[in-house]
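Below, read A as the first sequence line, B as the second, and so on, with proteins coming before strands; counting in each chain starts at 1.
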Amino acid sequence: MATESYDFKKTEQKWQDIWEKEKPFKAIDFHPTKPKYYVLYEFYNISGNLHMGHLKGTVPADALARYKRFCGYNVLFPIGGDAFGLPAENAANKTGINPRDFVANGLKNVISQSKKLGLSFDYDRTICTSDPDYYKWTQWIFLQLLKHGKAYKQKGYVNYCPNCKTTLSNEDCQGGKCDRCGGEVVQKERWVWYLKMKEYADKLLGNVDRIQMAENLKQSQRNWIGKSEGMQVEFPLVDENGKKLEKLSIFTTCIETIYGVTFVALAPENELVDKLKNHISNFDEVSLYREQTKLRSEFERKSDQKDKTGLLVKGVYALNPLTNKKVQVFLADFVLAGYGTGAVMAVPSHDQRDYEFAKKFNVPMIQVLEGDVSNQAVEKAEYLSKNAKLMNSAEFSGMPVKDAKPKIIQKVIQMNVGKKVTNYSIQDWPFNRQRYWGEPFPVVFCPHCGTVALDEKDLPLTLPPTNDYMPNEHGDSPLSKISSFVNCKCPKCGRDAKRETDTMPNWAGSSWYWLRYTDPHNDHALADFDKLKYWGSVDCYTGGTEHITRHVLYAFFWQNFLYEIGAVPSRDPFVRKMGSGLILDDQGKKMSKSSTNGVSPLEVIDKYGSDVARMHLHFLGGYEDNTPWTYQGITGITSFLDKVWLLQDMIKGEQVSNGHIHELNSLIKKVGQDYEDLHLNTAISALMIFIKKIREDKFITKEELRQFLIVLNPLAPFITSEIFERVFGRNILNESWPKYDEKYLEKDEFGLPVQINGRLAKVVTISRSLDQTEIEKIAKKQISDIKNGQILKVIYVPGKIINFILKK
RNA sequence: GCGGAUGUGGCGAAAUUGGCAGACGCGCAGGAUUUAGGUUCCUGUGGGCAACCGUGCAGGUUCGAUUCCUGUCAUCCGCACCA
C-alpha cells in the first residue's frame, strides 16, 4: 500500500487536541508506584511571543520529560509566567493597556504556542507571579524574612535613574547606564529595604559546590560571593601629641606587608571621620571632599582607576600596631565603604594601587619584600611565586614570605591587635523599587508603632488598580499617588497609618516559584510540606544563561531561609542546572525579538511543522553551545521525517530481526543517554544512522518500528504519535521505553585497527571471541611487514586496537 | 588585571577511560530517473600526483594525543580600585 504523504498541519493539530483533552502529561502527587522526576524550564518572561531562545531550553527539557515518562517516572514538568516587571509596565505606559490585561494575554499567548510546539507541560499547574494567589506567598515569604530579622529598612545610597525615577541594583545599571532607558545613573539617598543575603554567603557557597552546573557558571557565582580570607587589624589613631583618640580597623589579605605600611586610607563615608571632627584641623576640606565624592556615581568612582582622588586628613595620625610608627591618614574614594571595614592599610611598595596613590600624594614608601620596586609595586602574586624574602620587617627580615606570614599572623594575634576574618564582596540585597507593577510590601508605617507587618491572614495585599504608572516628582512609587491604598489603619493599634508604597523587584517572584509548582493552588501554605518533600529538588533545570548568576543565588538564598524556618525540606532547590547557549543570527549576534533578522519559531512551525522546528534547531548544535540559526540543512530533517513516515510501507515481519538487533539495541542505549544529557544533536544523528540501515535492508519489522517510534517520540512527538496509532492502533504515550540488552551492543565481527609502531597499517575484520594469540596470527598473516623476528612488543587493547612495535 | 570556557573540513558539527580524526547533516561534484526545473535514488567529497601531512601555534609525556602536561596566540563570557 502506498501511504498518503504526511500532512503535518492536520496531524499536529489533531494530537494537540487529543493531548488537550486527555491531559496525558499530568503530574500525579504521591504516585503510589512510580518514582518522581522533576524537570524545570525557567518560566516565561511575559513580553510577547515565544522566540528561538525559548526552544533552546524548552525542547531538550521536554525531550527529557517525555523520555523519563517512558522510563516509568512520575514526571513534574510545569510552566508559568514571570509577569511582574518592566515589559508589562512599559507596555502600559506606551499603549495604555492595563498591565493585568497585557500579562493575561501574553501568558495565554505563550501557553498556546507551547502547546503548538508539543511541549508536554502539566498545564494545570500553570502559575503566574502577578496573580494575587501567587504573590500572596511572595508577600508571605517577605513577612517571614522580616519576622526572622532577615529584612531591614535603612537609609542608603542607591543607584537612581532620574529618567525612570527608580532605584536600580548594581546589576541593573552596569557601566553606570540604566539597563532600561540607557540614561546616566546617579547616587541618591533613599530608604532601602535590604535582605540579609550577606549572612548567607557561606551557605550559598555550599549550594554552589553541591549543584551540578558548568564550571564557568559556578565560577561567576563564586566571584559574586567574593569570599576572601585575611586579617582585621586595629590601628590606633592619635593626635599631634601622640594622644590616643580612636581605633581604626583595617582589613588586609597581605598581613606579611604590614611593616611596609606608610599610610592608611579611609572611605570618605567612614564614620570615624565624624567622631574625630574636633581633632581634624582641615575639617572644612574634609567635608568638601566628602560632599564631592557623594556626587560622583559609583561608576565614576570605579572607572577612575588612573586618576585617584584623595585628601590628607591633618591633625590625626595612625600608629602601626607592630612598630608604633606614625603614618598619615587619608580619605580616598578608592576605598569602598561597603567592603571590609571601609579602611585599608596602604603598602605602596607592594600594591600597585597604593603605589600610584603614594606617587600622586608624595607619601614615602618602605620596601619589605625583595624585588625591584623602582617603577612599580612588587605585588602579591609575584613575591609569593618567588617566595621572596622579607626586609625592613624587624625580626622577620630575611625570612622567606611563606615562613614569615604565619609567624606575623601569630604575632598580631598574640599582641591582641588583630584577628583572622573572612570578608565577602556580596552585599545585602536591596529589595524595593519605585514601580507600580510589582508585589506590594505587606507593611505599614504607624506614627505610634513604627514599622508594622500585616497579619498573615490579611494577605494578599493586592495591587490597587490605576492608570497612572509614573513615579511622582520625588521618585516615589506610583502607589504613593493612590490615597485609598496609602492610608490605612495600623494592624497593631488601629490608628491611622500609611502603607509602604514601594514594590518588590522582578526577582522576588522568581526566587521561589519551583516550590509553588508542587502545589500550585494551595491557599493556606506556599506549598504543602509533604508535596514539597515528595517532589523534592528540581532534578534538571534548563534555561538561558543571561541572568543565571543572580537568579540562582537568589534562589539558593530563599531556599536556605525557607529551610531554616521549616517551610521546605531541603537547602538545595536544584540538583542540576543546565545553562543553554544562545541562538545567533546570521551576523553572529544574539538573536532577539528586536534583532532585525530574527527568525520566529512560529514561522518555522508554520512552514515545516513543530517536529521539524524542534529537531532542526537542536541538530544545529549542542545545548550549551551558541547556535547560529540557519534554514540551511533543514531539508536534512524534513527528509529524515519523510523517511520515517514511509516506514509504514516497509513493515515486514513481527519480532526484532537478527539483522537489526545490534543496531536497535545500540540506538536505544545511545539515544536514552543523550536525552539524559540533553545532547539532542547526537541523538538525532543516531536516529538517522538507524534509518539509513533500515533503508539499505528495505524492511523493518513491526516490533522494530514500535521501539524506534518510542525512541524518536521525545524529539518528534507528533509524527510518531500518528504513525504509532496507524500501525498499532493505540497511543504511543502508554508504551514503555524499550530495554536494550548489553549482549547485543557489540557485534561479534568488527574491524580491529592494526598499528605498526603506532601508525595505522590495516583494519582487519575479526571475531570478538578470538584471543590475543589468534589475533596476532591473523594480523601477521595479513600484513607482510610484520616479521616474527622483528617484533619487540605487542600492545593489545581488546576491542580497540593492536599495535606491533618493530625493530627498525 | 583576575577567573572560566572555547579553538577540529567549504559550513553546522562528532569522537566512553588516551586507541581507525572528521560520525551525522548541509553544501559541492559526477551519475540514474524526469520533457525541463524541483523531488527522489546511487557514488564521491580534509589537503597532497605521491610518499606523506593534517584537530589555533611551539614543545613534552606515551607504543599511540583532538583528548594528558608546559608555554604561547586568538575569540567569547564573568568579575574587576575587594584591600
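- Comparing B:rC24, B:rC82, B:rA13 by their nearest atom to the side chain of A:Y339 picks out B:rC82.
- Using P as the reference atom, B:rU17 and B:rC77 are 30 Å apart when rounded to the nearest Å.
- Closest to the side chain of A:Q219, from the set B:rG4, B:rC24, B:rU16, is B:rG4.
- Neither OP1 nor OP2 of B:rC82 sits under 4.0 Å from any side-chain N or O of A:Y424.
- Atoms CD (A:E546) and C1' (B:rG78) sit 13 Å apart, rounded to a whole Å.
- Comparing the C1' positions of B:rC42 and B:rG47 gives an interatomic distance of 26 Å, to the nearest angstrom.
- Checking B:rC24, B:rC41, B:rG4 against every side-chain atom of A:E215, the shortest atom distance belongs to B:rG4.
- Straight-line distance between the P atoms of B:rU40 and B:rC26: roughly 9 Å, to the nearest whole Å.
- Between the P atom of B:rU6 and the CG atom of A:L217 lies a distance of 12 Å, rounded to the nearest Å.
- Contact annotation: A:R550 side-chain N/O to B:rC79 OP1/OP2 distance is not under 4.0 Å.
- Mapping A:S639 and A:F619 onto RNA chain B by nearest heavy atom places A:F619 at the nucleotide closer to the 5' end.
- Atom CD of A:E234 is separated from atom P of B:rA83 by 19 Å (rounded to the nearest Å).
- Counting any heavy atom pair closer than 4.0 Å across all strands shown, A:G230 reaches no nucleic acid atom.
- Contacts of A:R759 with the nucleic acid, taken as non-hydrogen atoms under 4.0 Å apart, involve only primed sugar atoms and P, OP1 or OP2.
- The phosphate of B:rC41 has OP1 or OP2 within less than 4.0 Å of a side-chain N or O from A:K643.
- One P atom belongs to B:rU55, the other to B:rG60, and the distance between them is 15 Å to the nearest Å.
- Comparing A:P753 and A:Q221 by the nucleotide of RNA chain B that holds the closest heavy atom to each, the one mapping nearer the 5' end is A:P753.
- The distance from atom OH of A:Y740 to atom NZ of A:K669, rounded to the nearest 0.5 Å, is 5.0 Å.
- Here A:S425 lies in heavy-atom contact (under 4.0 Å) with a base.
- Rounding to whole angstrom units, CZ of residue A:F640 and P of B:rG25 are separated by 10 Å.
- Taking every side-chain heavy atom of A:K793 into account, B:rC63 is the closest of B:rG12, B:rA83, B:rC63.
- The separation of B:rA23 from B:rA15, taken at their C1' atoms, amounts to 8 Å, rounded to a whole angstrom.
- Look at the P atom in both B:rG64 and B:rA21: the space between them is 14 Å, to the nearest Å.
- Shown here, B:rG9 is classed syn by the O4'-C1'-N9-C4 or O4'-C1'-N1-C2 angle, which is within 90° of 0.
- Between the side chains of A:D202 and A:Y424, at least one donor N or O sits under 3.5 Å from an acceptor N or O.
- Judged by distance alone, the side chains of A:E234 and A:S249 do bring a donor and an acceptor atom under 3.5 Å apart.
- When the C1' atom is compared between B:rA50 and B:rG18, the two are found 31 Å apart, to the nearest whole Å.
- Of the candidate nucleotides B:rC82, B:rC20, B:rA15, B:rA15 has the atom nearest to the side chain of A:T682.
- Under the Watson-Crick or G-U wobble criterion, with both distances below 3.5 Å, B:rG78 is paired with B:rC2.
- With salt bridges taken as basic N to acidic carboxylate O contacts below 4.0 Å, one links A:R222 and A:E215.
- The base-pairing partner of B:rU62, taking Watson-Crick or G-U wobble contacts with both distances under 3.5 Å, does not exist among the strands shown.
- The distance from atom NZ of A:K692 to atom C1' of B:rA23 is 9 Å, rounded to the nearest whole Å.
- Residue-level contact check: A:S220 touches the backbone only, with heavy atoms under 4.0 Å from sugar-phosphate atoms and none from bases.
- For the pair A:K607 and A:Y631, the cation-pi criterion (under 6.0 Å, within 45° of the ring axis) is fulfilled.
- At B:rC82, one or more side-chain N or O atoms of A:R353 fall inside 4.0 Å of OP1 or OP2 (strictly under the cut-off).
- Put simply, CG on A:L617 is 17 Å from P on B:rC26, counting in whole angstrom units.
- A:N423 comes within contact range of no nucleotide atom at all, as no heavy-atom separation falls under 4.0 Å.
- Between B:rA14 and A:N681, a contact under 4.0 Å exists linking OP1 or OP2 to a side-chain N or O.
- Remark: B:rU33 base-pairs with no nucleotide; criterion is Watson-Crick or G-U wobble with both hydrogen-bond distances under 3.5 Å.
- If you measure from atom CG of A:D625 to atom C1' of B:rU6, you get 9 Å, rounded to the nearest angstrom.
- For A:T253, whose side chain is taken as the heavy atoms from C-beta onward, the closest listed nucleotide among B:rC24, B:rA83, B:rC79 is B:rA83.
- Side-chain N/O atoms of A:N803 and base N/O atoms of B:rC63 include a donor-acceptor pair closer than 3.5 Å.
- With values rounded to the nearest 0.5 angstrom, A:I700 atom CD1 is found 12.0 Å from A:K693 atom NZ.
- The residue A:N216 sits close only to the backbone: its heavy atoms come under 4.0 Å of sugar-phosphate atoms, none of a base.
- A:L620 comes within 4.0 angstrom of the backbone, heavy atoms only, and of no base.
- B:rG46 is paired with B:rC53 under the Watson-Crick or G-U wobble criterion, all donor-acceptor distances under 3.5 Å.
- Comparing B:rA83, B:rC81, B:rG19 by their nearest atom to the side chain of A:Q755 picks out B:rG19.
- The main-chain N or O of A:T293 is never found under 3.5 Å from a side-chain atom of A:D333 such that the two would form a donor-acceptor pair.
- Ring geometry, A:F708 versus A:F640: the interplanar angle exceeds 60°, so the pair is classed perpendicular (tilted spans 30 to 60°).
- Using atom C1' as the reference point in both B:rU66 and B:rG9, the two lie 14 Å apart (nearest Å).
- A donor N or O paired with an acceptor N or O is not found under 3.5 Å between the base of B:rG1 and the side-chain atoms of A:Q352.
- A search for side-chain contact (heavy atoms from CB on, under 4.5 Å) contacts involving A:V368 returns A:T257, A:Y259, A:H350, A:I366, A:N392, A:S393, not counting sequence neighbours.
- Look at CG on A:L745: it is 13 Å from C1' on B:rU16, rounded to the nearest Å.
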